[in-house]
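Below, chain A is the first sequence line, B the second, and so on; all start at residue 1.
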Amino acid sequence: MPEKTYDHNEIELKWHERWAAEPALYQAEENSSKPKYYVLEMLPYPSGALHIGHIRNYSIGDALARYMWMRGYNVLHPMGWDAFGLPAENAAIQNKRPPREWTLSNIEKMKRTHRRFAFSYDWDREVTTCEPDYYRWNQWFFLRMLEKGLAYRKQALVNWCNLCATVLANEQVVDGCCWRHESTPVEQRALDQWFLRTTAYADELLQDIGLLEGTWPDRVLTMQRNWIGKSEGAEVDFQIEGYGPVRVFTTRIDTIYGATCMILAPGHDLVSTLGDEAKAAAKRMIDAAAQQGPGDVEKEGFDTGLKAVNPFSGERVPVWVGNFVLMGYGTGAIMAVPAHDQRDFEFCRKYGIRILPVIRPADGEIPNVDAMQEASGEYGIVENSGPYSGMTSEKARAEMAAFAEQQGFGKTAVTFRIKDWGVSRQRYWGTPIPVIHCEKCGVVPVPDDQLPVVLPRQIQITGKGRSPLDEVPEFVNVDCPRCGGPARRETDTMDTFVDSSWYFYRYCDAKNSNAPFDKAKIDYWFPIDQYIGGVEHAILHLIYSRFWTKMMRDIGLITNAEPVRKLFTQGMVLANGMKMSKSKGNVVDAIGVAESHGADTARLFALFAAPPERDMDWTETGVEGIHRFLGRVYRFATRNIGMPGGDGSADTKILRKLHQVLRRITQDFDQRWHFNTSIAAMMELVNEAYLEEQNLSAAAMQQTIEILTFLLAPFAPYLAQELWEEQGKTGAVFKQPWPAFNEEMARETEVEIPVQVNGKIRSRLTVAAGLDKAGLEQAALADEKVQALIAGKTVVKVIAVPDKLLNIVVK
RNA sequence: GCCCGGGUGGCGAAAUCGGCAGACGCAACGGACUUAAAAUCCGUUAUCCGGCAACGGGUGUGCGGGUUCAAUUCCCGCCCCGGGCACCA
């Protein structure tokens, strides 16, 4: 055949059209005898356009999906839209476009891009989280959790901007101020809000990290462990004169004789019983804490004038309020042991509170208070501690906790850093929380048969008020389902992390209108075999998803304990060395690259520029290099298909290379996922094929072209399919069996062995592959250069590694 | 401060189990083709020293030590860059 020029648009648009007419191409089989494989990429937020960061994520998943098809698996590869969220509301305020309309048109546009890139999604299973057929199940789950006590309501602080007169999401708070009013500090207001009891699963979420070891990245597991933050210690009551007991949590009950004051969080219940001045000071601390970013903050506090009694020593100590004591952790109150805790030390030094050391190192003296520069947090021997003096810290911890429990003023206790999940959002564009507030009956769940509670579509979003839904009387005013009297609908909507906590289950049964999904389908497809996404979701999304799975298991919907067997976190994409961002204006749009260089080129480059777990740099010249490579492949194949061929003198050589490359790429898929080296290997093969083009027999040439087509199939689907057709074949190339490599054919017959003398390379020998140690040694010692170098010296040792190297040690 | 990554040519990177450092690509340079250019094809390209040259010798994977016949790879101590967490009692 005559050589053809590589015109990516011609090839890609042709197949794009043909594939559009084949809806079953990427569908998973319903009753398959093949083993299943569920590969999933994180669903995108429909912001309006796919960028190359998305393309990288999907190119990894798509290569894997296609490879697994070729390996004979029944592959489930779905995609959907994380379609609720704040940007749609902002767009509504700015362009007066309804959020749903804006969102759906974005989805339409992005889906076209997805198709242009030929990602192999089963669009029949598409999930769009902002549509009632999806979010009704959010509501259904919420009601189940309400029944089980896993959903509950309590007061919590929200960010409030006085100028906007509205609640701000955390991401709308910039440097402690409102994003639209940069000089207006955000205030903290207490509102009744809905929470999911993730803490009920804290222990199991921590325990089951063990199940993920080896298949999830270690750093993700570490981050989750830290996030859950289990800490074991004790709770102890201190009696406060004129108030009652206040409970503290401590991991160091062994230091309790050194407690020289008690410090309360500014939000602690006791503070509300204090005078106006103290309450105002505490409020200032709370607002200041919300405004400060991360970093070192000066410790502040004030004396309440109250005294607390240490239940162990009987000593009376002052009660303070301190800005560094967190209400959301432990009991919101601590005993300060300045001698043995750095934070307490800094606080007490600043305010002149007594410092009393009670621990000495096992082999040292108790610290001298006047010389102390910092607290000593180490375990040691307990001193000045009544009957516990002389014990090790470990022993004292156990005995003191037991004593407290026996006396009824304390107990051993475990505290978690992870908090219950606040799911209330004072927003429009989210799942309505399905409850009704009745004056007579209180909080009444919406009955299941009245789901979904549909989000009203005709609504003015003003950006003011407690919540946009508050302004919609048709939505708010309802009859109480229990007593029939007038009642108000809940106007908070759910956090969008709810949507993404279970969407991958819905893919298995996306059109079910009677249940979130059918259990048998979950049993077949779950767990997800491979989940691929950005590391930025290592904590929240993936912990919530794990929580949701355990919750669904406990209400009998599923049997698996974990949703995801293997997790892969890919690196970021930089544009010319810089992080892509809208503000810098350097976001590389995916569809533009597809038009200028082709989808195949973009996909291949996304995998070639760096190993997938690392950050990669997107450069125009690099993209062009890949485009050149694909052109080389295409021209080579088209001009050689069906040609008579040469004398075959290079057949052995090219077939050896072919099998070496095949082995390399197969291993890259099965073990390492370093697709950059897979692609480099294909380039090596093509380079060699160019050099030997005239010396290949027709049979070797056709085999080279065919296998190269298979190798390209997971990475460059358009070109691979086109070459498949050029070779006169029919059917989808990615449904053909992946070729097996032949170890025999991949083996080199001759190898070059570097010969070292005292570790420096002095000569090279070409020997038969597999030559043993003795043979190598003999060949090396016969070498002229080697002989010259070792002449007159004593050979101490000869290290021979067959097929690798030989080292002669002389003196 | 704590916990992870990472540091290799002009650049992105490779070296999979301790065995030839720099595969592959980019950029640059040279050659072929062309009236010319683009495209394409073929080469050269870590660095220093000696040589007209073939070639020979030295140095080199952030820095300093160590183990080893042999270290980008293992161990100890530092430096720098990126990310996460950040008063969690």
Chemist: Atom CZ of A:Arg762 and atom C1' of B:C69: how far apart are they, to the nearest Å?
Modeler: 15 Å
Chemist: Can we say A:Arg656 and A:Glu750 salt-bridge, meaning some charged N sits less than 4.0 Å from an Asp/Glu carboxylate O?
Modeler: no
Chemist: Could you give the CZ-to-P distance, from A:Phe416 to B:A89, as a whole number of Å?
Modeler: 12 Å
Chemist: If I take atom CG in residue A:Asp670 and atom P in nucleotide B:U16, what distance separates them, rounded to the nearest angstrom?
Modeler: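 Computing the A:Asp670:CG to B:U16:P distance gives 18 Å.
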Chemist: Applying a 4.0 Å non-hydrogen cut-off, can you work out what A:Glu346 is touching in the nucleic acid: base, sugar-phosphate, or nothing?
Modeler: nothing
Chemist: Checking contacts here: which listed nucleotide (B:G19, B:A89, B:A27) is nearest the side-chain heavy atoms of A:Val325?
Modeler: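 Within the option list, the nearest is B:A89.
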Chemist: What is the pairing partner of B:C74, taking Watson-Crick or G-U wobble pairs with both distances under 3.5 Å in any strand?
Modeler: B:G66
Chemist: Among B:C41, B:G19, B:G84, which nucleotide has an atom closest to any side-chain atom of A:Gln756?
Modeler: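 Of the options given, the side chain of A:Gln756 lies nearest B:G19.
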Chemist: Between A:Arg225 and B:C85, does any side-chain N or O lie under 4.0 Å from OP1 or OP2?
Modeler: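 Indeed not, no polar side-chain atom of A:Arg225 lies that close.
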Chemist: Please say whether the positively charged group of A:Lys299, taken as NZ for Lys or CZ for Arg, lies over the ring of A:Phe347, i.e. under 6.0 angstrom from the six-membered ring centre and within 45 degrees of the axis.
Modeler: no
Chemist: Just checking A:Arg764: base, sugar-phosphate only, or nothing, at a heavy-atom cut-off of under 4.0 Å?
Modeler: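 The answer is base, as A:Arg764 lies within the cut-off (heavy atoms under 4.0 Å) of a base atom.
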Chemist: Check for me whether the distance between the ring centres of A:Phe636 and A:Tyr6 falls short of 6.0 Å.
Modeler: no
Chemist: Describe the nucleic acid contact of A:Ile334 in one word from base, sugar-phosphate, nothing, applying a heavy-atom distance below 4.0 Å.
Modeler: base
Chemist: So which nucleotide does B:C29 pair with, by the Watson-Crick or G-U wobble rule with both distances under 3.5 Å?
Modeler: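 B:G43 - that is the nucleotide pairing with B:C29, both distances being under 3.5 Å.
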Chemist: Does one side chain, of A:Arg417 or A:Asn226, offer a donor that lies under 3.5 Å from an acceptor on the other?
Modeler: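 Looking only at side-chain atoms, A:Asn226 and A:Arg417 do not form any donor-acceptor pair under 3.5 Å.
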Chemist: What's A:Lys760 touching, base or sugar-phosphate or nothing? Going by heavy atoms closer than 4.0 Å.
Modeler: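 It contacts sugar-phosphate atoms only.
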Chemist: Whole-Å distance between B:A70 C1' and A:Lys797 NZ?
Modeler: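 Atom-to-atom, A:Lys797 to B:A70, this comes out as 10 Å.
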Chemist: By the 4.0 Å heavy-atom rule, please label A:Asn807 as base, sugar-phosphate, or nothing.
Modeler: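 Base contact.
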Chemist: I want to verify a distance call: between B:C20, B:A89, B:C42, whose nearest atom is closest to the A:Glu752 side chain?
Modeler: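 Of the options given, the side chain of A:Glu752 lies nearest B:C20.
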Chemist: May I ask which nucleotide in the shown strands pairs with B:G18, Watson-Crick or G-U wobble, both distances under 3.5 Å?
Modeler: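 Across all strands, not a single nucleotide pairs with B:G18.
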Chemist: Anti or syn, where syn is a glycosidic angle within 90° of 0; which label fits B:G9?
Modeler: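 Syn, angle within 90° of zero.
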Chemist: Base, sugar-phosphate alone, or nothing: which one does A:Asn687 contact when heavy atoms must sit under 4.0 Å apart?
Modeler: sugar-phosphate
Chemist: Checking all strands, does A:Gly625 fall into the base, sugar-phosphate, or nothing category for heavy-atom contacts under 4.0 angstrom?
Modeler: sugar-phosphate
Chemist: If you only use heavy atoms from C-beta on, which nucleotide in B:C20, B:C87, B:A27 is closest to the side chain of A:Thr621?
Modeler: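 For A:Thr621, the side-chain atoms sit closest to B:A27.
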Chemist: For A:Val319, run the side-chain contact (heavy atoms from CB on, under 4.5 Å) check against A:Val246, A:Ile263, A:Ile240 and tell me which one passes.
Modeler: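 Exactly one candidate clears the test, A:Ile240.
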Chemist: Indicate, with a heavy-atom threshold strictly under 4.0 Å, whether A:Ile263 touches base, sugar-phosphate, or nothing.
Modeler: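 A:Ile263: no heavy atom of the nucleic acid under 4.0 Å.
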Chemist: Just how far, in rounded Å, is P of B:G19 from CG of A:Leu765?
Modeler: 20 Å
Chemist: Quick one: the side chain of A:Lys299 and the base of B:C87, do they pair up donor-acceptor inside 3.5 Å?
Modeler: yes
Chemist: What is the distance, rounded to the nearest whole Å, between atom CZ of A:Phe636 and atom P of B:U40?
Modeler: 17 Å
Chemist: Would you indicate which nucleotide in B:U16, B:C87, B:G19 comes nearest to any side-chain atom of A:Ile799?
Modeler: B:G19
Chemist: Looking at B:A89, I'd like to know if its phosphate oxygens (OP1 or OP2) sit under 4.0 Å from a side-chain N or O belonging to A:Arg417.
Modeler: no
Chemist: Touch check for A:Val809, heavy atoms < 4.0 angstrom, all strands: base, sugar-phosphate only, or nothing?
Modeler: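 Sugar-phosphate, no base atom in range.
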Chemist: What's the base orientation of B:C76: syn (chi within 90° of 0) or anti?
Modeler: anti
Chemist: Run through A:Phe608, A:Phe669, A:Phe605 and flag the one making a ring pair (Phe, Tyr, Trp, His ring centres under 6.0 Å) with A:Phe715.
Modeler: A:Phe669
Chemist: Please determine if a side-chain N or O atom of A:Tyr690 lies less than 4.0 Å away from the OP1 or OP2 oxygen of B:C42.
Modeler: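 No, outside the criterion.
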Chemist: Tell me yes or no: between the side chains of A:Asp7 and A:Tyr634, is some donor less than 3.5 Å from an acceptor?
Modeler: no
Chemist: Mind telling me whether A:Trp673 and A:Phe675 have parallel, tilted or perpendicular rings, with 30° and 60° as the class edges?
Modeler: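 Rings of A:Phe675 and A:Trp673: tilted, 30 to 60°.
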Chemist: Measure the distance from CH2 on A:Trp227 to C1' on B:A86 and round it to the nearest whole Å.
Modeler: 11 Å
Chemist: Can you check the A:Gln660 CD to B:U16 P distance for me, whole Å?
Modeler: 16 Å
Chemist: Roughly how far apart, to the nearest Å, are B:U34 and B:U44 at atom C1'?
Modeler: 23 Å
Chemist: Has A:Asn323 got a side-chain atom pairing as donor or acceptor with A:Met285's backbone, closer than 3.5 angstrom?
Modeler: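 Here the side-chain-to-backbone pair does not exist.
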Chemist: Just by distance, do the side chain of A:Asn57 and the backbone of A:Ile532 share a donor-acceptor pair under 3.5 Å?
Modeler: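 Such a contact is found between A:Asn57 side chain and A:Ile532 backbone.
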Chemist: Can you build the contact string for nucleotides 3-15 of chain B? Use B for base contact, S for sugar-phosphate-only contact, and - for no protein heavy atom under 4.0 Å.
Modeler: SS-------BSSS
